[in-house]
Amino acid sequence: MDNIIYMDNAATTRTHPEVLAEMIPYFSRLYGNPSSIYGFSEGSRAVMESARKKIALSLNTEPESIYFTAGGSEADNWALMETAKAYSGRGRHIITSKIEHHAIIHTCEALKKCGFEVTYVNVDENGIIKLDELVRAIRPDTILISVMFANNEIGSIQPIKEIGEIAHSRGIWFHTDAVQAYGHLPIDVKELKIDMLSASGHKLNGPKGIGFLYVSEKMNIGSFIHGGAQERGMRAGTENVPGIAGLGKAVEIAGKTMRERAAYERNLRDYMINKIMNTIPYARVNGHMTNRLPNNTNFSFQFVEGESLLIMLDMNGICASTGSACTSSSKNPSHVLTAIGLPEDIASGSLRLTISHETTKREVDIVCSRLAEIIKKLRSMSPQYEDFLLHG
Ligand SMILES: *Cc1c(COP(=O)(O)O)cnc(C)c1O
């Protein structure tokens, strides 16, 4: 455990020690149910409202527009399902992109079964949504556009403000899955014209199983989880008070350290990209070179299988991923790599390495040299590589 090199921060991040410390009292001393009226629960209520305020402040909005959920997936499901339901009178058409997280794509598939139509807009070779195609996809019955803030596999940051303007000028609601971006990039929901935004604690050094949905006060959607009157009747279930306390702390720390952290990560990211591209032949970088998450790198290596790479990296104590953690168990090439135009044989040799502010240059150097050795070894066993060397 001590010797591992963790390069999978897009899958999850280490809970910040101060976040953990903030959570502990709400498991032990202050375990009151926030819905109970006695004074003993006051601490639980107070920490929830304080976290809500911190989140609202970070997005330039009001605390009343923040609803806690059990993570990013629930927030995505809620935004799509309940917008569809609430505004189906206006129309039954939804627009999204081809590179969304499965929490969006699979929810869209579920909506299609309920009679909604979904258009998946293409992205360019850098993984940036094609705005002209987005505009052409709009119909009189389009009620919602949902485009992620930044992609979890290749890190590409989307033109959110432009999309917000396109949506608003036509009276269409705009949702963004900001799970990878929130806490890492500055986000102002008013400036960017965002109506709904999903985020998740464990992607910003907060706890797992807690997140939130921001819903603009202009919208009128129903609750997704039915039951008690928690979250002003919008999300039933006894609140995850320790999780909310931890999320609040994570948001506070993220806000204070964002600028410095992002600069550090960007620098190290570009160092790693250059080093790998300079030492490993037949490699390519996936995603936009500058318009990308500070911590994301994604490569394709010809003549190797991503799965074999992962296994050999793991034997060296290196945690990485071929795509998103959710797709790594399936054999199909990632829908994101397919959408940027990679043929199957190139996409199958892909590797995502996502660093954090805790990653050191020494760790990057170790990973780069191990990776070069592993790829050399795998290629030496590859009949395709042998054939390529013989015949070009
Ligand atoms: C991780 C992730 C999710 C899911 O969030 P959970 O909190 O794990 O449910 C959704 N969208 C994106 C872009 C993600 O990276």
Side-chain angles (χ1 to χ4, degrees), residues 6-15 19 51 55 66-81 96-110 120 123 127-129 146-158 160 163 175-185 187 194 196-214 224-225 235 237 240 242-244 246-247 250-251 254 286-288 292-298 319-329 334-337 339 352-356:
Y6 187 74
M7 293 244 173
D8 203 14
N9 285 278
T12 197
T13 59
R14 186 165 86 95
T15 306
V19 168
I55 294 167
I66 305 299
Y67 300 94
F68 295 112
T69 65
S73 299
E74 184 191 317
D76 283 344
N77 274 259
W78 182 6
L80 266 54
M81 296 301 277
T96 187
S97 85
K98 284 216 172 124
I99 61 163
E100 296 298 309
H101 189 272
H102 281 143
I104 296 292
I105 299 218
H106 291 162
T107 306
C108 286
E109 294 305 307
Y120 298 91
V123 295
I128 307 290
I129 193 164
S146 179
V147 175
M148 70 200 322
F149 206 108
N151 184 264
N152 47 302
E153 292 189 40
I154 56 174
S156 305
I157 300 170
Q158 303 302 322
I160 294 301
I163 301 170
H175 167 257
T176 187
D177 172 346
V179 174
Q180 287 290 330
Y182 182 69
H184 300 275
L185 300 172
I187 304 178
I194 297 167
M196 289 179 289
L197 176 144
S198 309
S200 177
H202 74 104
K203 304 283 174 80
L204 61 131
N205 303 103
K208 295 169 181 63
I210 188 73
F212 67 86
L213 181 67
Y214 153 78
F224 180 60
I225 305 288
R235 201 282 187 179
N240 176 357
I244 293 169
L247 175 60
V251 168
N286 299 314
H288 200 284
R292 79 188 292 144
L293 286 167
N295 74 347
N296 173 286
T297 73
N298 189 305
C319 307
S321 165
T322 49
S324 71
C326 330
T327 52
S328 57
S329 57
S334 131
H335 66 287
V336 176
L337 298 177
R352 180 184 74 181
L353 296 164
T354 44
I355 57 169
S356 81

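Residues take their numbers from the sequence shown, with the count starting at 1. As the structure lists them, so they are numbered: ligands from 1, and atoms in each ligand from 1.
- Donor-acceptor pairing under 3.5 Å is lacking for the side chains of S156 and N151.
- At under 3.5 Å, not a single nitrogen or oxygen of E74, backbone or side chain, sits near a nitrogen or oxygen of ligand 1.
- Nearest non-hydrogen protein atom to atom 7 (O) of ligand 1 is S200 OG, 2.6 Å.
- The backbone N or O of D177 lies less than 3.5 Å from no partner atom in the side chain of S198, so there is not a single donor-acceptor pair.
- Here the side chain of Q158 pairs a donor or acceptor atom with the backbone of I129 at under 3.5 angstrom.
- Of the candidates H202, Q180, M148, Q180 brings a heavy atom nearest to atom 15 (O) of ligand 1.
- Every atom of ligand 1 is numbered from 1 in the order shown, and the set under 4.0 Å from a heavy atom of G71 is 7 (O).
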Given the rule in the side-chain contact (heavy atoms from CB on, under 4.5 Å) test, do N296 and Q180 qualify, once you have shown the distances and angles that lead to the verdict? CA-CA 10 Å; N296 173 286; Q180 287 290 330; over 6 Å; no
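- Distance alone, capped at 3.5 Å, is enough to place a donor-acceptor pair between the T176 side chain and the F149 backbone.
- When H101, K208, E153 are ranked by how near their heavy atoms come to atom 3 (C) of ligand 1, first place goes to H101.
- In terms of protein heavy atoms, atom 9 (O) of ligand 1 is closest to S73 OG, 2.7 Å.
- In terms of protein heavy-atom proximity, atom 6 (P) of ligand 1 is nearest to G72 N, 3.5 Å.
- Counting heavy atoms from C-beta outward, F68 and R235 have side chains that stay 4.5 Å or more apart.
- Interface of N152 with ligand 1, defined as ligand atoms under 4.0 Å from a residue heavy atom, comprises 13 (C), 15 (O).
- Ranking the protein heavy atoms by distance from atom 11 (N) of ligand 1 puts D177 OD2, 2.6 Å first.
- Short contacts between ligand 1 and D76, defined as distances under 4.0 Å to a heavy atom of the residue, involve ligand atoms 10 (C), 11 (N).
- The protein heavy-atom contact nearest to atom 14 (C) of ligand 1 is K203 NZ, 3.1 Å.
- Y182 and F212 have their aromatic ring centers within a separation under 6.0 angstrom.
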What side-chain donor-acceptor pairs closer than 3.5 Å can you find for residues 200-210, not counting sequence neighbours?
{"unit_1": "H202", "atom_1": "ND1", "unit_2": "T12", "atom_2": "OG1", "d": "2.6"}
{"unit_1": "N205", "atom_1": "ND2", "unit_2": "R14", "atom_2": "O", "d": "2.8"}
{"unit_1": "K208", "atom_1": "NZ", "unit_2": "T12", "atom_2": "OG1", "d": "3.3"}

